[in-house]
> 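Below you'll find the structure I mean.
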Protein chains: 2
Amino acid sequence: MVGVATIRRKRTNRRTYHHGDLGPALVREAARTIRTDGVEAVTLRDVGRRLGVSRTALYRHFADKAALLAAVAREGFQGFSRELREAWNADSGGLQGFRAMGAAYIRFARENPAHYRIMFGQFRDLCDSDPALADDASASFQVLLDALAALERDGAIPAGGDRHALGHFIWASMHGAAMLSIDGQLGAGPAAADALTALMVDRVSAAIATRP
Amino acid sequence: MVGVATIRRKRTNRRTYHHGDLGPALVREAARTIRTDGVEAVTLRDVGRRLGVSRTALYRHFADKAALLAAVAREGFQGFSRELREAWNADSGGLQGFRAMGAAYIRFARENPAHYRIMFGQFRDLCDSDPALADDASASFQVLLDALAALERDGAIPAGGDRHALGHFIWASMHGAAMLSIDGQLGAGPAAADALTALMVDRVSAAIATRP
DNA sequence: ACCTGAACACCGTTCAAGT
DNA sequence: ACCTGAACACCGTTCAAGT
């Protein structure tokens, strides 16, 4: 009885403060809008309205709109890291794991194009709002560096080179392919994307197999 | 005497209609703002004010703001094509010319970062405003395809492969490097840019030297 | 501590009106 | 044909006020 009353009280409070944790709800709602309608569709008025809250309520939880987008970008990088790691592990690493990781890279961008654009397109601006964003981005890059270290250890690629630079080359190549793919500049549709993925994975693999 | 009077009349007309050709002047002014302060700083009010014209005068020359930006992007691609072609020709083609072209690619992006972001970042939107933008972009890609054809003819790279696909790989790789470079995500400053340029040119050259 | 409502200084675009 | 000025429907953000 007391328990029920307590829950009731909580529910009432939640309704008063609009489901209690507005911060996470704002991030969730912004991410949803970004996914369905793109970044430019995110307005504080709309996000607030959808949560039954005024357009200025956000300022109790974030410094400004950029800080909200930075939070979305952070979640994006965390999911990105997870998917890259899973792709690498699913094939137990090796060159097959490396290829799977490359495919996962382009797949993530294509399945979350608006997220991907925020993560990379507005990176500097958003880092000013939330420096932790740089850490989440570094963690994604680290997944690649770890894979390269394993490949070197197993003799799949030459060891003793500049692993960090090699990572930059791979990162840049896949990033360019991902961006051009979601912009439809290298052909539209899944078939073109699959062809691009195979092309990039083949060529990048060839490029890291030997010393330049 | 008559000549002077004619010039005077012309000048008067020009002042009345604000130096006669407002269309090109708007593009020039928008490009200037983009170069110095970035795309987000381009407002129709400011561009108009700087040209001594109302903020709605633009609509006599362009359908909307996107069409103005599309015109800037078109000029961007034309300059881009020119610089790529000059880099290739300066070294009389060959693998040296190819390397010079790669360096010119990243140099263009770094010297015109805001232009480069408009050209690629908003490509689809701007093509809706001005379909000719796609032609200017294709012309840039064609410079690369022509270079690859010459390299194949001279036996510098293997012939008989999918030249178009090879071009996509190179384009994507350099585009990613250019984007990450102007976003400062692969280190800031000219030294980092030079290192990145050498890295990309080395690795991409290695990737196209052999069949995957 | 958390949220609201009015106000402020901006946008791009439309449209009737001027020359 | 080319341009203006007022008006419209939006923005993000600030701030005094409410509970």
Side-chain angles (χ1 to χ4, degrees), chain A residues 9-31 33-34 37-73 114 118 122 125-126 128-130, chain B residues 9-31 33-34 37-73 114 118 122 125-126 128-130:
Chain A
R9 182 108 51 87
K10 260 188 186 162
R11 282 220 176 113
T12 307
N13 282 346
R14 280 191 171 178
R15 200 157 285 159
T16 306
Y17 292 133
H18 300 101
H19 57 273
D21 48 356
L22 184 57
L26 285 165
V27 179
R28 221 178 307 130
E29 191 57 38
T33 304
I34 285 165
D37 301 313
V39 207
E40 70 284 355
V42 178
T43 69
L44 303 190
R45 282 159 165 81
D46 268 10
V47 171
R49 194 180 308 148
R50 262 194 275 270
L51 263 47
V53 129
S54 99
R55 52 186 165 289
T56 57
L58 166 136
Y59 291 91
R60 287 291 128 195
H61 303 269
F62 296 96
D64 51 19
K65 186 183 179 181
L68 176 64
L69 294 180
V72 174
I118 293 188
Q122 311 189 25
D125 290 343
L126 299 185
D128 292 342
S129 285
D130 188 350
Chain B
R9 181 107 53 87
K10 260 190 185 165
R11 283 225 176 111
T12 307
N13 283 344
R14 281 192 171 180
R15 200 156 287 158
T16 306
Y17 292 134
H18 300 101
H19 57 271
D21 49 354
L22 185 56
L26 284 165
V27 178
R28 222 178 308 129
E29 191 57 39
T33 305
I34 284 165
D37 301 315
V39 208
E40 69 284 355
V42 179
T43 70
L44 303 190
R45 280 159 166 81
D46 267 9
V47 172
R49 193 180 309 149
R50 262 194 275 267
L51 263 47
V53 126
S54 98
R55 52 186 165 288
T56 57
L58 165 136
Y59 290 93
R60 287 291 129 195
H61 303 270
F62 295 96
D64 51 19
K65 187 184 180 182
L68 176 64
L69 294 181
V72 175
I118 292 188
Q122 310 189 25
D125 290 343
L126 299 185
D128 293 342
S129 285
D130 188 350

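Quick note on labels: first sequence line is chain A, next is B, and so on, each numbered from 1.
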> Quick one: side-chain contact (heavy atoms from CB on, under 4.5 Å) partners of A31(A), sequence neighbours excluded?
V72(A), H115(A)
> Report the residues that fulfil side chain to side chain donor-acceptor pair (under 3.5 Å) with S54(A), sequence neighbours left out, ordered by chain and then residue number.
T56(A)
> At 4.0 Å (heavy atoms only), tell me whether V42(A) reaches a base, stays on the sugar-phosphate, or touches nothing.
sugar-phosphate
> Using a 3.5 Å limit on both pairing distances, list the dot-bracket string of DNA chain D from the 5' end; Watson-Crick and G-U wobble pairs count, crossing pairs take [ ], interstrand pairs take |.
||.|||||...|||||.||
> Can you sort out the partners of R50(B) under salt bridge (charged side-chain N to carboxylate O under 4.0 Å, His left out), two or more places apart, ordered by chain and number?
E29(B)
> With the criterion being N/O to N/O and under 3.5 Å, what pairs connect the protein with nucleotides 5-10 of chain C, and how long is each?
unit_1	atom_1	unit_2	atom_2	d
dG5(C)	O6	T56(A)	OG1	3.0

> Using the side chain to side chain donor-acceptor pair (under 3.5 Å) criterion, which residues pair with Q122(B)? Sequence neighbours excluded.
none
> Mind listing the residues from residues 63-73 of chain A sitting with a heavy atom below 4.0 Å of DNA chain C? Number order is fine.
none
> If each of Y59(B) and H61(A) is mapped to the nucleotide of DNA chain C with the nearest heavy atom, which maps nearer the 5' terminus, i.e. the 5' end?
H61(A)
> Can you list everything that forms a side chain to side chain donor-acceptor pair (under 3.5 Å) with D46(B)? Sequence neighbours excluded, please.
R49(B)
> If you take all heavy atoms of A114(A) and V39(A), which pair is closest and at what distance?
O-CG2, 4.3 Å
> What salt bridge (Lys or Arg N to Asp or Glu O under 4.0 Å) pairs are there with at least one residue in residues 52-73 of chain A, not counting sequence neighbours?
none
